[in-house]
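Notes for the one structure printed next.
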Amino acid sequence: MKIARVVVDVPAMQTDRPFDYLVPEEWEDVIVPGIRVIVPFGPRKVQGFVIEVASASEVNKLKKISEIFDLTPALTDELLELGKWLTEKTLCFQISAFQAMLPAAMKAKYEKRICLTRNSSELPPELAVLFENTRDISWKEAEAHNLFAELQKEIKKGSLEVVYQVAQKGKQKKVRYLKPAADLEALKKTAEEMPAQAGRQKAALDYIIASQKSEISAADLKSGANASDSSIKALVQKGILAEEWLEVYRDPFEHRTFKATENMALTSEQQSAIAPILDSIEASRHDVFMMYGVTGSGKTEVYLQAIDRVMKEGKEAIVLVPEISLTPQMVDRFKGRFGSKVAVLHSGLSTGEKYDEWRKIQRKEVQLAVGARSAIFAPFENLGIIVIDEEHESSYKQEENPRYHARDVAIHRAESYRCPVVLGSATPSLESFARASKGVYHLLPLRERVNSRALPEVNVVDMREELRNGNRSMFSSDLFEQLQLRLDRKEQTVLFLNRRGFSAFVMCRDCGYVIQCPNCDISMTYHRQGNKLKCHYCAHEAPMPSLCPECSSEHIRFFGTGTQKVEEELAKVLPEARVIRMDVDTTSRKGAHERLLGQFGEGKADILLGTQMIAKGLDFPNVTLVGVLAADTMLHLPDFRAAEKTFQLLTQVSGRAGRHELTGEVVIQSYTPDHYSIQLAKDHDYDGFYEREMMERKQHAYPPFYYVAVVNVSHPDLLKTSSVMETIAQFLIQNLDSHTKVLGPVASPIPRIKNRYRYQCMIKYKRDEKLIPALKKVMDRYQQEMARDELVISIDLNPTTLM
DNA sequence: AGCACGCCGACT
DNA sequence: GTCGGCGTGCTC
């Protein structure tokens, strides 16, 4: 008998290995690597992935696979290999890697039920009641009745049985279709012979005949022929129509049309950028290209034409975009060029919609997947190119296990398919640009804008100066004048507020007391709606006090600037301006994003005010002014990428102005206007920034000169946390290469979240063979404590944030 | 992760 | 004597 090696859906260190199962003979042909199965595991049943089929096992008492979950493998051989690679690269469980590669709808759902084996009359009366109308009840229901002892007795006796059900979270959507049992001619005859009182039924048949279709959905029949359920039922019962449930895709773009576009003529610069890409497509060569092009230099057109070539060769393509729901304009461009050959995967879709888009890819009904980070796992089997737009974006790094970076996954997959990867950005990450400079990646510069428009002029305003001149408002006189000017000229403005690390905290002006979350060492954020305080880390809420809890002073109020406050302020100083505010509060509802942007695009507002989410990809011709209210808020975060992130953000935001005929201007307000990241962003000088920042990184031994790994420890007890971290740090110092630096341990930048204390230590290394084994050993050493105690240890190789 | 098994304290 | 508390270890 054949043996299947199965990785079970139990994310724990002890079960992070394959278990062997017997393959029942009738399934020998179906059970192949990548198939999901249900297997008995201890007393229960769990889902598992078959990763290998063998002919012998070292274990002698094997159990049989109980059920098959897939007819076609959920994971291709390539993805199975990729999963193994992910496991090693990110130190996650194999099962977590597999699950990360599949849509959430495919995750298993478990239910424990109690089932009647014989007759309810055999049960004691208090139990018999529960099984009066049903043969099985859920365990939870039984638990609620508090009849444990009785249940246990009956289970032992055998009149009741515990069953473990395994299902999938997401379902396929099915729609009822009706099909004539005979051919059309016969149907015509049947319709004519219909008794006179069956008018509705005849109408339905006539409608089907007129439609000329061999099958018709029940919904169509109801609305088109005004047929009722009863008349349809009658026709089915008479055997005239046959009922059939067919799978349909949920279409997230049902009510959208996309304007078809054709390849555009390329500028000479675009041509020299695309030539080497086409070359490596033709030669089936794996190359990584760093397409470094200023905003408006036409990167997307290059992607589109390279993809077009790939598709003409019968191959497939993946395009990653930062967070696609933020840039409907991007979807439009791909859908416009490739129409129904595109699957879109992004967070704005429901799990069901994502599942359907994924299955289009699996069934090879599309050749292009456009999506956010996880779209990198699109189950294509003949990839011809992978494009990562805005390559520097931090959202390409997953912040939960498996902590992978989509760029690394892309390069690994492209190696297997011997196809090119194109990284595009106006502000490449230092890591990628350094590789391009060294010749590891091919640099493709696009230095001109397609429409030859000059980049917008950027003014940096020193807010300290404003304060000295007696301007205490959040708008500098320069920004205010410019705003006024746009209003007069009927042009639009984008106002950007970077809220990170700068939300509205509440402080007492008399004693300086700042209200903090009782569970987290972080100040609470003031929310205007409901006059409430909220903790952004644990969602704890508290009413806004009218007196200081510390000194009972009345002078307690909120500081800092939120978008709501800016909106109020705008209403005061520019009452005639129409403002659209975009932040978490106004965009939480589905489709709110598109709606608000649509309104702004139609000119229904003068000012678009928002947070990070408006920094990306917006392209409105009438926007001629971009204001950045506080440029330096994230400059002071404890993060070695702070300067890089600031530069990227400012450059990106500036790119929103004057993209078309009208020239644009940018006003950046800052309390540290001389910082190089701000000054160089003002001059649109990426090369200058790159050189300057590389010096900093070299001096402080940060990436790209060193790799960084961070070990995080958290526990409800402070002493426990620090002592575990200390032990780990000592162990690492003793067991790593002598060139490797172990820094810390220190308390994390946010020392406590949800009543758990947090410590971390940073490892800087160049090449250290001992690192992964040492980290594995650490996890191994603490696995028991992590399972029993509340200890959590997490490891992030190449973190993008240290918070 | 679940779940069973097993070894100690406080009860009818 | 037994019920049930949770620490320990296993799952093909």
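Protein chains get the first letters and strands the later ones, always in sequence-line order, with residue 1 at the start of each.
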Check your understanding: Looking at DNA chain B, which of residues 1-28 of chain A put a heavy atom within less than 4.0 Å of it?
Key -> A/V10, A/P11, A/A12, A/Q14

Exercise for review: Indicate whether the side chain of A/Q168 and that of A/Y355 have a donor and an acceptor atom separated by less than 3.5 Å.
Suggested key: yes

Practice item. Would you mind telling me which of A/V792, A/L791, A/V713 makes a side-chain contact (heavy atoms from CB on, under 4.5 Å) with A/Y782? Key: A/L791

Study note, to complete from the structure: Interatomic distance, CG@A/L771 vs CG@A/D737, rounded to 0.5 Å, equals 10.0 Å

Study note, to complete from the structure: Residues of residues 778-785 of chain A with a heavy atom under 4.0 Å from any atom of DNA chain B, listed by number, are none

**Study point:** Sugar-phosphate, base or nothing in reach of A/F93, heavy atoms under 4.0 Å
**Key:** nothing

Check your understanding: Once you round to the nearest 0.5 Å, how far does CD1 of A/I386 lie from CZ of A/R407?
Key -> 13.5 Å

Practice item. Check whether the side chains of A/Y417 and A/E316 place a donor and an acceptor atom closer than 3.5 Å, and report yes or no. Key: no

Practice item. Under the salt bridge (charged side-chain N to carboxylate O under 4.0 Å, His left out) rule, what do A/K532 and A/E541 come out as? Steps first, then yes or no, please. Key: CA-CA 7 Å; A/K532 276 184 307 201; A/E541 280 187 27; 3.5 Å; yes

Can you give the donor-acceptor pairs under 3.5 Å from side chains of residues 88-104 of chain A to other protein atoms, not counting sequence neighbours?
unit_1	atom_1	unit_2	atom_2	d
A/T90	OG1	A/L86	O	2.8
A/Q99	NE2	A/D9	OD1	3.1

Point to revise | Length of the NZ-P vector between A/K63 and C/dC12, whole Å | key: 4 Å

Review point. Would a distance-only check, ignoring hydrogens and angles, find a side-chain to backbone donor-acceptor pair under 3.5 Å from A/D136 to A/I114?
Key: no

Exercise for review: For the pair A/E154 and A/S159, evaluate side chain to side chain donor-acceptor pair (under 3.5 Å) and give the outcome as yes or no after the intermediate values.
Suggested key: CA-CA 6 Å; A/E154 294 306 313; A/S159 46; 2.6 Å; yes

Restricting to nitrogen or oxygen on both sides, can you table the protein-nucleotides 6-8 of chain C pairs closer than 3.5 Å?
none

Point to revise | Contact residues, residues 37-45 of chain A to DNA chain C [heavy atom, < 4.0 Å] | key: A/P40, A/F41, A/G42

Exercise for review: Report yes or no: is the cationic atom of A/K777 (NZ for Lys, CZ for Arg) under 6.0 Å from the centre of the six-membered ring of A/F731, at an angle within 45° of the ring normal?
Suggested key: no

**Study point:** A/S748 side chain near A/N712 side chain, heavy-atom distance below 4.5 Å
**Key:** yes

Point to revise | Between A/F41 and A/F19, ring centroids under 6.0 Å | key: yes

Review point. Could you state the interatomic distance from OG (A/S394) to NE2 (A/H405), rounded to the nearest 0.5 Å?
Key: 8.0 Å

Point to revise | Outermost DNA chain B nucleotides near chain A [under 4.0 Å, heavy atoms] | key: B/dA1 to B/dC3

Review point. A/L79 versus A/R413: any side-chain heavy-atom pair under 4.5 Å?
Key: yes

Check your understanding: At what distance, to the nearest 0.5 angstrom, does NZ of A/K63 lie from OH of A/Y21?
Key -> 6.5 Å

